[in-house]
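All remarks here apply to the structure that follows.
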Number of protein chains: 2
Amino acid sequence: MSAKSSPKNLRFAVLAADITLFTLHDGCLLVRVVRVDRSPHFVNYEALPGGLLRPSETAEQAVSRLLGDKAGIAKGKVYVEQLYTFSRLDRDPRGRVVAVAYLALVPYEELSEGERKDNLDVRWSPVGRVRKLAYDHNEMLTVALARLRSRITYTTLLQKLMPKEFTLTELENAYESVLGKSIDKRNFRKKILATGVLEELSKIRAGMNYRPARLYRFKLKKVKEVVVL
Amino acid sequence: MSAKSSPKNLRFAVLAADITLFTLHDGCLLVRVVRVDRSPHFVNYEALPGGLLRPSETAEQAVSRLLGDKAGIAKGKVYVEQLYTFSRLDRDPRGRVVAVAYLALVPYEELSEGERKDNLDVRWSPVGRVRKLAYDHNEMLTVALARLRSRITYTTLLQKLMPKEFTLTELENAYESVLGKSIDKRNFRKKILATGVLEELSKIRAGMNYRPARLYRFKLKKVKEVVVL
DNA sequence: GCAAAAGTGTTTGGCATACACCCATGA
DNA sequence: TCATGGGTGTATGCCAAACACTTTTGC
């Protein structure tokens with residue numbers, strides 16, 4: 001169990017961190033994908049952003065770094081939680097790589113111009129239209145999406161995809177976009193307000209040619225376990 | 001992301017698998033602990049069973065092997081699911097070791113004489129009476145116990161701690177032992193039978209000097225998501 | 001007939017669901 | 001005044017929770 005006392009041939013594993021980074025825009029759940037082009041196995045593929053751990057960083061620190069270097073998103077505004085560790089021997093055809101996968105969430109409103117735009121290296125893909133990814137990244141995406149959907153129904157995790165202030169309709173639409181089903185407006189409002197996780201602001205969202213909506217925010221930044229739906 | 005293309009100094013990681021193995025006996029939740037005695041850091045400590053991954057095995061395969069070699073429990077009868085990956089730099093004072101932790105469950109009834117008995121190297125400890133463990137294993141145990149308690153309330157995971165056939169009272173006691181709280185007998189029976197996960201057997205548990213109880217078993221071996229409590 | 005655990009039903013309150021209309025604003 | 005989404009209340013049925021007595025067996 002010790003690095004120092006192990007024979008060299010036991011220092012074998014390459015550890016990677018891979019990130020399933022979601023955001024929500026225009027009623028569409030988006031996932032960050034990067035272009036990979038590594039002959040002979042993956043020519044013109046896409047993959048989830050990820051990379052190797054450095055010797056002196058934790059997996060979480062690697063995720064912070066890779067968010068910037070690979071995903072092109074300034075860290076700090078991104079929520080991250082560990083998802084699952086994938087250790088199949090052939091998951092990377094070029095050698096043994098064990099990957100610790102992370103679920104990451106960022107509000108679209110906190111992204112800069114540049115972070116929102118797609119380019120040749122990296123882009124936002126609607127989750128429904130993701131094609132074949134390199135490595136076992138389709139499996140990772142499936143696990144991440146299942147986890148996200150499950151967690152937003154019994155925690156306040158969705159706040160990590162929302163702007164600081166929002167209307168109840170916007171919050172309801174966010175639930176509907178992630179879960180892929182519609183929700184009764186009146187019951188949703190009763191229930192979410194009854195949980196007490198929201199704080200009513202005195203502000204309203206004005207400027208549209210219909211009745212302005214009241215703004216709310218989450219009382220706590222911390223994700224809390226409450227039955228939301 | 002490739003083992004072959006990485007510089008040597010990136011091929012650094014020592015990967016371990018650690019196992020939180022629970023069983024249930026006499027209304028007491030037990031966890032398997034092994035003795036460790038590695039100067040200078042851990043003299044006369046206990047720890048969860050675990051060990052390094054070999055270059056050509058997955059974490060799951062390592063768990064199978066370590067269950068026999070370290071925990072002293074024949075594999076095959078043990079249910080295993082991945083828990084969390086711990087990558088803190090100082091979690092092992094002797095060097096960098098990333099540990100994939102597993103939650104494992106075994107019915108006490110399927111253990112052999114030898115596997116039930118404690119010895120100098122390895123024993124069953126009541127979870128409430130576990131003292132300071134080596135590494136970050138107390139944290140692992142906490143995470144494992146929380147996961148176990150949470151999962152038995154919305155899945156049939158508890159079947160992995162039960163014998164093949166059991167009475168409803170025995171099943172209720174198992175829930176109570178793991179959750180650490182008592183449950184109303186009549187409501188429990190109504191609810192667990194309504195889920196339809198149990199199969200009523202024609203057999204009866206006789207031989208006691210009170211009314212014999214009907215035996216049940218789980219219809220499916222697979223853990224199923226149903227609201228149990 | 002006694003001790004010990006098995007087995008069984010009803011009442012109550014709260015909560016999820018289903019559902020339709022008026023309100024406030026800008027153009 | 002019209003178009004647009006914002007905002008609200010009630011009735012119904014189901015399910016969770018609380019609660020106590022009769023049954024069956026071995027001794």
Side-chain angles (χ1 to χ4, degrees), chain A residues 24-27 149-150 152-156 158 162-163 165-177 179-217 225-229, chain B residues 26-27 149-150 152-156 158 162-163 165-177 179-217 225-229:
Chain A
L24 201 48
H25 179 55
D26 272 351
R149 285 182 172 150
S150 154
I152 65 170
T153 65
Y154 66 94
T155 70
T156 57
L158 191 63
M162 297 296 294
E165 305 181 346
F166 47 83
T167 68
L168 291 184
T169 300
E170 288 162 359
L171 184 61
E172 182 191 330
N173 289 338
Y175 275 102
E176 292 173 333
S177 299
L179 296 176
K181 66 174 189 187
S182 63
I183 299 172
D184 181 90
K185 179 165 65 158
R186 280 171 292 190
N187 294 334
F188 173 76
R189 285 164 186 245
K190 256 179 297 176
K191 189 128 189 219
I192 197 77
L193 292 175
T195 63
V197 298
L198 296 184
E199 182 173 12
E200 184 175 323
L201 303 176
S202 44
K203 294 188 238 175
I204 54 179
R205 171 144 306 163
M208 282 130 258
N209 57 344
Y210 49 83
R211 176 171 174 178
R214 164 151 276 120
L215 291 172
Y216 292 81
R217 70 172 169 215
E225 298 233 341
V226 290
V227 180
V228 180
L229 293 189
Chain B
D26 271 350
R149 284 182 173 149
S150 153
I152 65 170
T153 65
Y154 65 94
T155 70
T156 57
L158 191 64
M162 297 296 294
E165 304 180 347
F166 46 84
T167 67
L168 291 183
T169 300
E170 286 162 359
L171 185 61
E172 182 192 331
N173 289 339
Y175 275 102
E176 292 173 332
S177 299
L179 296 175
K181 68 174 189 187
S182 63
I183 300 172
D184 180 89
K185 178 165 67 158
R186 279 170 292 188
N187 293 334
F188 173 75
R189 284 164 186 243
K190 258 180 292 177
K191 190 129 189 219
I192 196 78
L193 292 175
T195 63
V197 297
L198 296 184
E199 183 173 14
E200 184 176 323
L201 303 176
S202 45
K203 294 190 238 174
I204 258 175
R205 171 142 309 161
M208 282 130 261
N209 55 345
Y210 50 82
R211 178 170 172 177
R214 164 150 277 121
L215 290 172
Y216 291 80
R217 69 173 171 215
E225 298 233 340
V226 290
V227 180
V228 179
L229 290 190

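In the text below, chain A, chain B and the rest are named by the order of the sequence lines, each starting its count at 1. Just so it is clear, the structure is predicted and the values come from calculations on it, not from any experiment. No hydrogens, no waters, no symmetry mates; every other heavy atom, side chains included, goes into these values.
- Atom NZ in Lys185(B) sits 12.0 Å away from atom CZ in Phe188(B) (nearest 0.5 Å).
- One donor-acceptor pair, N or O on each side, does fall under 3.5 Å between the base of dA18(C) and the side chain of Asn187(A).
- Residue Arg211(B) contributes atom CZ, which lies 18 Å from atom P of dC21(D) at whole-angstrom precision.
- Arg189(A) places its CZ atom 18 Å from the C1' atom of dA16(C), with the value rounded to the nearest Å.
- Of the two residues contacting DNA chain D, namely Lys185(A) and Asn209(A), the nearest-nucleotide position lying further toward the 5' end is that of Asn209(A).
- A straight line from CD1 of Ile192(A) to C1' of dG7(D) spans 17 Å, rounded to a whole angstrom.
- Heavy atoms only, all atoms of each residue included: Arg214(B) and Ser202(B) are closest at NH2-O, 4.3 Å.
- In this structure, Ile183(A) places its CD1 atom 14 Å from C1' of dA16(C), rounding to the nearest Å.
- At a threshold of 4.0 angstrom between heavy atoms, the contacts of Arg214(B) are confined to the sugar-phosphate backbone, with no base atom among them.
- Computed from coordinates, the Phe188(B) CZ to dT8(C) C1' distance equals 16 Å when rounded to whole Å.
- The residue among Asp184(A) and Tyr210(A) whose nearest nucleotide of DNA chain C is located toward the 5' end is Asp184(A).
- Between Leu229(A) and Leu179(A) there is a side-chain heavy-atom pair separated by less than 4.5 Å.
- The residue Thr169(B) sits close only to the backbone: its heavy atoms come under 4.0 Å of sugar-phosphate atoms, none of a base.
- Side-chain to base pairing of Arg186(A) with dA20(C): one donor and one acceptor N or O lie within less than 3.5 Å of each other.
- Taking atom CG of Leu193(B) as the reference point, atom C1' of dG9(C) lies 14 Å away to the nearest angstrom.
- One can place CZ of Phe166(A) at 13 Å from P of dG7(D), the figure rounded to the nearest angstrom.
- For Lys190(A), the listed nucleotide lying nearest its side chain is dG9(D); candidates were dG5(D), dG9(D), dA6(C).
- Applying side-chain contact (heavy atoms from CB on, under 4.5 Å) to Ile192(A) and the options Asn187(A), Ile183(A), Val228(A), Val226(A) leaves one that passes, Val228(A).
- Contact annotation: the side chain of Asn173(B) never approaches that of Phe166(B) to less than 4.5 Å [non-hydrogen atoms, C-beta and beyond].
- Put simply, NZ on Lys191(A) is 13 Å from P on dA18(C), counting in whole angstrom units.
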